[in-house]
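What follows is a short report on a single structure.
Since the model is a prediction, treat every value here as computed from it, not as a measurement. Each residue takes its place number in the sequence, starting with 1.
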Amino acid sequence: MSRPLLFSAFCMNTASHILHGLWRRPDGGQINFNSLDLWIDLVRELERGLFDVIFFADVHGTYGRRAGPYKALVESGLQIPSNDPAVILSALACNTEHLGLAITSSIMQDHPFDFARKFSTLDHVSGGRVAWNIVTNGLPNGARNFDLDDLTPHEERYRWAGEYMDVVYKLWEGSWDDGALLQDRDSGRHADATKVHRINHRGPHYQVEGPHLCAPSPQRTPLLFQAGSSSTGAAFAATHAEAVFLVAPSPSVAETSISQIVAHLQKIGRSREDVRFVQGLSFVIGSTDAEVARLDRELDEAIDPEMMVRHLGGVMGVELDDVSLDTPITDLRTEGSQSLLDWVRQAVVEREPRVRDIGMLLARSSRISGTPDRIVDQIATWQAAGIDGVNVINAVIPGSYTDFIEHVMPVLRARGMARKSYEPGTLRQKLFGRDRLPDSHPAAAYRGAFA
């Protein structure tokens, strides 16, 4: 507990993100997700509360099988409609000074040349506060929306992602040398062309000549987030990520997951201090035990259990409408997210886990209910297991965050577990004390590589 925890607000530009059905509540402000004002008001509130990051999830298709029904998804609002978070990021940057701005972007949705340009631009306009959550896409419909016949097999997606990372690293770290941008009005020389390079990448998926069209941004490479926890995902995270999102069902499982990734880090010459581990948690906050019990019960009654199962089944690439809820999850076959199946297995240890347990995973296993002091006691248990931060899952916007800021944050600060003020600088500077990736990161190999 030598440093304050990192606090991230886990959101999505949709009405129903993780805890489904809660947009129907009178305080469910996420029903106004199309309004920019909702998000501007939220980031201002988060900055008032000294949160480190707002983190936007994203998807590129509906959940379910090939040509399957999506009527129930549309009618319940299960991540449809959902808007592109990258479009609103500039507005959020203009309305904040310190808050980190993280968005999810799949290797499938943008060509790496265009993506690198977009994120360099966002890093410039935010003063170096942008982060990228790297995903490979686990939705079959998402794959079919981008010219593919079906979901690319799990291992192949990560090989594809490896090449994608090579391309963007070459553009961000190698295409422009330090000092290339001159902007000398007297001589009329805007940049030193000898310090701007083509990358000439040729690989299985991409051919990119370059040079990068953007001069180096404050961070060059945005802060890198990743959430994969399958064995392949863990190796990928150890190679590339600076922050790893966990949705472990218990502190002991989180400790095991962290140990596995740290072991990968050590094998490739990176340090444990190069990565922050951030656990997803939701909170029910009350002033008395009786109030906590009432709020817990009201939350459970408002959650749509059918949509919880549909959501997680969709992420795993399994159409659970056709599967009995008593089916053992060992009988499920999927090219989707393997990590979710692993989390269910780890969460249900007293018997063989079944399909009905999938909804329970997100609805209850990551929830902490209690008075502020008891909540902080439990967060301390997670911190002792090795986490470096909390990704706060909302039930309602903005109420979930306002309650956390007003009631839990003061207790965290009193115990030295949350920051008391912002430090100046880029997002990476705030979290790691440096603006650029360290030499131990694989992206650093491209510095000067094209001179």
Original post:
Any side-chain heavy atom of Lys170 sitting closer than 4.5 Å to one from Met165?
Top reply: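 Side-chain contact under 4.5 Å: no.
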**OP:** For the residue pair Ile368 and Ser282, establish whether any side-chain heavy-atom pair is separated by less than 4.5 Å.
**Re:**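 Heavy-atom side-chain distance check fails, nothing below 4.5 Å.
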Looking only at side chains, do [X] and [Y] share a donor and an acceptor under 3.5 Å apart?
| X | Y | answer |
| --- | --- | --- |
| Ser440 | Asp274 | yes |
| Asn13 | Ser82 | no |
| Thr402 | Glu45 | yes |
| Glu209 | His201 | no |
| Asp123 | Ser217 | yes |
| Asn137 | Ser106 | no |
| Tyr164 | His111 | no |
| Gln219 | Asp435 | no |
| Trp172 | Ser120 | yes |
| Asp166 | Tyr446 | yes |

Subject >> Derivation and outcome, side chain to side chain contact (heavy atoms under 4.5 Å, CB included), residues Phe283 and Arg367 >> reply: CA-CA 6 Å; Phe283 299 92; Arg367 184 192 305 175; over 6 Å; no
Original post:
Below 6.0 angstrom between ring centroids: does that apply to Phe7 and Phe404?
Top reply: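 Here the rings of Phe404 and Phe7 have centres that are less than 6.0 Å from each other.
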**OP:** Check whether the ring centres of His240 and Tyr169 lie less than 6.0 Å apart, and answer yes or no.
**Re:**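 When the ring centroids of His240 and Tyr169 are compared, they turn out to be within the sub-6.0 Å range.
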Taking [X] first and then [Y], would you say they form a salt bridge - that is, a charged N and a carboxylate O separated by under 4.0 Å?
| X | Y | answer |
| --- | --- | --- |
| Glu301 | Arg25 | no |
| Lys118 | Asp110 | yes |
| Arg276 | Glu242 | no |

Once rounded to the nearest 0.5 Å, what's the spacing between atom [atom1] of [X] and atom [atom2] of [Y]?
| X | Y | atom1 | atom2 | result |
| --- | --- | --- | --- | --- |
| Ser126 | Leu427 | OG | CG | 8.5 Å |
| Leu299 | Leu22 | CG | CG | 6.0 Å |
| Ile405 | Leu50 | CD1 | CG | 8.5 Å |
| His212 | Ile199 | NE2 | CD1 | 9.5 Å |
| Arg48 | Thr96 | CZ | OG1 | 15.5 Å |
| Ser259 | Phe277 | OG | CZ | 8.5 Å |

Original post:
Is there a salt bridge (Lys or Arg N to Asp or Glu O under 4.0 Å) between Lys71 and Glu75 once you walk through the steps?
Top reply: CA-CA 6 Å; Lys71 178 176 181 287; Glu75 290 186 348; 3.0 Å; yes
Verify the neighbour count for atom [atom1] of [X]: are there more than 12 heavy atoms of other residues, nucleotides or ligands below 6.0 Å?
| X | atom1 | value |
| --- | --- | --- |
| Arg117 | CZ | no |
| Arg24 | CZ | no |
| Asp114 | CG | yes |

Using 30° and 60° as the class limits, which term best fits the ring planes of [X] and [Y]: parallel, tilted or perpendicular?
| X | Y | result |
| --- | --- | --- |
| Tyr401 | Phe51 | perpendicular |
| Phe146 | His60 | perpendicular |
| Phe56 | Trp39 | perpendicular |
| Tyr422 | His98 | parallel |

Original post:
Can you check side chain to side chain contact (heavy atoms under 4.5 Å, CB included) on Gln279 and Asn391, steps first, answer last?
Top reply: CA-CA 6 Å; Gln279 168 69 25; Asn391 199 25; over 6 Å; no
Would you find a donor on one side and an acceptor on the other, under 3.5 Å apart, between the side chain of [X] and the backbone of [Y]?
| X | Y | result |
| --- | --- | --- |
| Arg157 | Thr152 | yes |
| Ser76 | Leu73 | yes |
| Gln429 | Arg434 | yes |
| Glu352 | Pro328 | no |
| Arg202 | Val208 | no |

**OP:** Kindly indicate, with the supporting measurements, whether the criterion ring pair (Phe, Tyr, Trp, His ring centres under 6.0 Å) is fulfilled by Trp23 and Phe33.
**Re:** CA-CA 10 Å; Trp23 59 268; Phe33 68 95; 9.9 Å; no
Subject >> CA sep, side-chain torsions, deciding dist, call: Leu265, Ser271, side chain to side chain contact (heavy atoms under 4.5 Å, CB included) >> reply: CA-CA 6 Å; Leu265 286 170; Ser271 165; over 6 Å; no
Subject >> Audit row: Phe225, Ile134, side chain to side chain contact (heavy atoms under 4.5 Å, CB included) steps and yes/no >> reply: CA-CA 6 Å; Phe225 287 37; Ile134 310 159; over 6 Å; no
Original post:
Do Asp52 and Lys430 pass the salt bridge (Lys or Arg N to Asp or Glu O under 4.0 Å) test, and can you show the C-alpha distance, the side-chain angles, and the key distance before you say yes or no?
Top reply: CA-CA 9 Å; Asp52 296 273; Lys430 288 178 171 67; over 6 Å; no
Subject >> Chi angles and distances behind the salt bridge (Lys or Arg N to Asp or Glu O under 4.0 Å) call for Arg44, Glu47 >> reply: CA-CA 5 Å; Arg44 288 173 174 169; Glu47 199 159 81; over 6 Å; no
Subject >> Check against salt bridge (Lys or Arg N to Asp or Glu O under 4.0 Å), Arg272 and Asp388 >> reply: CA-CA 11 Å; Arg272 167 65 177 87; Asp388 304 292; 3.1 Å; yes
**OP:** Please lay out, stage by stage, how Phe55 and Phe245 fare under the test ring pair (Phe, Tyr, Trp, His ring centres under 6.0 Å).
**Re:** CA-CA 11 Å; Phe55 166 57; Phe245 286 123; 4.4 Å; yes
**OP:** Starting from the C-alpha separation in whole Å, work towards a yes-or-no answer on side-chain hydrogen bond (donor to acceptor under 3.5 Å, both in side chains) for Glu173 and Thr221.
**Re:** CA-CA 7 Å; Glu173 298 288 337; Thr221 297; 2.8 Å; yes
**OP:** Let me see the working for Thr104 and Asn133 under side-chain hydrogen bond (donor to acceptor under 3.5 Å, both in side chains), right down to the final yes or no.
**Re:** CA-CA 4 Å; Thr104 299; Asn133 178 40; 3.0 Å; yes
